[in-house]
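Taking it in order: structure first as structure tokens, then the write-up.
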Amino acid sequence: MTNKNLDCVEKDFQPSLNKVIGLMKQDDYTINAVNHYLDGNILRLSKSGKEYAFSFTSQTPSGKQTHEEIKFQAENIVELTSSEASLYVLGKAIFIDQIDFGFDRSEKKVTGSISGFCTVKNQEVFDKCYLRYIVPIGEKNKVFNIRHFEKSKQGCITPQGLLATHIDYVVSSSDFHLYTARENNEYFLIIDCIEQIDLPSFEEKCFSTLLALGLISGNLALDESFILSFSEERMSAPTGLIYQPKPSSIYTKQAAFTTNISSISYGKGLSKEEKDKLAVGLEEFPKDVFSSLATQLHKHEKLRRATMLLLLGKIASLEMRLPAYYIAIEAITAHAVKVKDMFGLIKDESVAKKVLDSIKKLVEAKGRLHNADDFNSKVLLKKITHLNRPTNEQKLSQLFKSVGYPLSEEEHKILRSRNVFLHGGFTRGEDDKRYRDTLHTSLRLSFLVTVLLLKLAGFEGKIINYAELWSGTTKKKLNEDLLRSI
């Protein structure tokens with residue numbers, strides 16, 4: 001909703017934060033499960049990392065102890081009520097970790113965790129409504145610095161009169177806002193869909209948003225999410241909340257993009273003139289490119305996989321990092337380039353056909369003279385069919401031409417080395433030099449993966465050149481810019 005007098009968007013996210021923060025506090029809940037042994041028991045629930053830990057005490061029934069009385073059927077809904085909230089949990093989301101008996105074995109002390117819950121029993125409140133996605137990201141905002149992004153011209157204002165900025169962007173035709181908030185020394189990343197949307201589509205588009213943000217900032221915030229539903233456009237009064245734990249976040253501290261020259265030039269001894277030169281043409285990350293990037297990640301599984309491989313590679317050992325980057329380039333290439341559209345080693349198809357046919361005839365003739373176990377002509381003939389396919393380097397380098405990025409001779413050489421690293425090889429030489437050379441190669445590959453993902457989204461600008469930034473570690477005298485235009 002737009003405030004015409006102030007020319008900004010009205011955004012009241014405080015009730016949402018209050019709801020989330022309230023649920024992150026320890027509380028005692030009553031178990032409401034009709035005809036269940038634990039009906040009426042008190043369960044203490046507290047936030048522990050990215051899960052909710054519980055503990056309760058129950059009377060030990062007579063007879064052999066199988067603990068069946070404290071288990072819940074997978075699809076049954078268990079209601080937990082306190083003075084502050086009601087939570088609805090599927091039986092399969094309740095995990096018992098430990099069962100201890102009291103001194104006289106009259107009681108069982110049970111601890112475990114809950115892997116998700118909802119504050120409403122009927123989840124129809126999440127169908128075709130306004131939805132908000134909140135990710136707690138800790139005491140320090142490690143994910144999203146809005147200064148590096150092109151902001152909404154309008155900005156937003158809270159009922160308390162606080163002015164703030166946000167990114168307005170589009171994912172596959174749905175309009176979104178992206179911003180952060182801070183409450184009680186805790187930062188929250190917030191994604192709003194400002195039009196009515198169904199829950200599955202919303203979750204997919206939020207993940208694509210986080211993945212796009214992870215590519216740019218180097219940090220992918222996952223861990224957990226709180227999804228809130230609203231019946232009104234203003235999104236001020238939540239009608240329901242879903243809590244879900246997610247895979248672990250990926251914090252690489254290796255952003256692809258920045259507008260802060262000081263963050264990459266620290267310790268480099270650059271003069272003011274050199275810093276000013278780096279800043280030439282350096283602009284905020286365009287929101288239309290962010291929209292395009294998030295949309296492409298939403299629509300194309302291979303691009304999502306490549307982005308995950310890029311981020312995971314940055315925190316992996318070098319032995320795993322390089323293969324991950326090569327596979328990422330292959331995934332992007334498989335998405336964007338058709339092998340049948342590429343020239344083989346023999347460019348003239350008629351000539352290639354004649355050559356392959358003559359080889360096949362020779363193999364067939366020789367095969368008739370030998371036992372199949374000694375001369376496997378069937379397998380050989382299949383391999384001959386693929387002899388004129390492009391080389392790995394041809395396939396991997398083709399897309400760089402298409403997006404307008406000229407590969408250097410060193411980068412061509414790195415692409416040619418694909419098989420060496422993909423099949424467990426490593427750079428030769430003394431251990432220290434091997435490490436430095438392989439690290440340098442990984443930084444070049446990481447740059448190339450980033451180039452493809454950003455160029456496919458329409459990006460034109462400067463990104464961080466880690467090969468130069470880390471040249472002190474790799475001992476490579478490159479004399480390149482810390483920011484390279486692509």
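Source: prediction; values computed, not measured. Starting from 1, each residue takes its place in the sequence as its number.
- Aromatic ring centres of Tyr52 and Phe117: separated by under 6.0 Å.
- Under 3.5 Å, the side chains of His440 and Lys475 contain no donor-acceptor pair of N or O atoms.
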task: Might you work through the side chain to side chain contact (heavy atoms under 4.5 Å, CB included) test for Leu17 and Phe13, ending with a clear yes or no?
output: CA-CA 6 Å; Leu17 288 182; Phe13 49 79; 3.8 Å; yes
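- The 12-atom threshold is exceeded at CD of Glu183, counting heavy atoms of other residues, nucleotides or ligands nearer than 6.0 Å.
- Counted within 6.0 Å of CD on Glu232, heavy atoms from surrounding residues, nucleotides or ligands total more than 12; the atom is thus considered enclosed.
- Of all non-hydrogen atoms in Phe72 and Ala33, the two that sit nearest each other are CE2-CB, 4.2 Å.
- When side chains are defined from C-beta on, Tyr179 does not count as touching Ile167, because their heavy atoms never get closer than 4.5 Å.
- In this structure Tyr169 satisfies the ring-ring contact (aromatic ring centres under 6.0 Å, His included) test together with Phe176, Phe290, sequence neighbours excluded.
- The distance between the ring centers of Phe459 and Phe285 falls below 6.0 angstrom.
- Side chains of Lys205 and Ser174: a donor on one and an acceptor on the other come within 3.5 Å.
- Annotation: side chain of Thr474 is not in contact with side chain of Asp437 (no heavy-atom distance under 4.5 Å).
- Phe400 places a side-chain heavy atom less than 4.5 Å from the side chain of Leu448.
- Partner of Lys314 under the side-chain contact (heavy atoms from CB on, under 4.5 Å) criterion, out of Ile250, Thr252, Leu443: Thr252 alone.
- Judged by distance alone, the side chains of Arg44 and Ser55 never bring a donor and an acceptor atom under 3.5 Å apart.
- Atom OG1 of Thr119 is separated from atom NZ of Lys19 by 5.0 Å, given to the nearest 0.5 angstrom.
- The shortest side-chain heavy-atom distance between Thr239 and Val120 does not fall under the 4.5 Å cut-off.
- Contact of the Tyr130 side chain with the Gln196 side chain is registered, since non-hydrogen atoms from C-beta on lie closer than 4.5 Å.
- In this structure, Lys246 places its NZ atom where more than 12 heavy-atom neighbours from other residues, nucleotides or ligands lie under 6.0 Å away.
- Aromatic ring pairs are classed by plane angle as parallel below 30°, tilted from 30° to 60° and perpendicular above 60°; the pair Phe54 and Phe56 is parallel.
- Within 6.0 Å of the CD atom in Glu301, the count of heavy atoms belonging to other residues, nucleotides or ligands exceeds 12.
- Between the side chains of Gln14 and Asp12, no donor N or O sits under 3.5 Å from an acceptor N or O.
- The minimum heavy-atom distance linking Arg321 with Ala316 is given by the pair NH2-O, 2.8 Å.
- Stacking of Lys462 on the aromatic ring of Phe257 is not recorded, the 6.0 Å distance cut-off and the 45° axial limit not both being met.
- Of the N and O atoms on the side chains of Asn41 and Ser58, not one donor lies less than 3.5 Å from an acceptor on the other residue.
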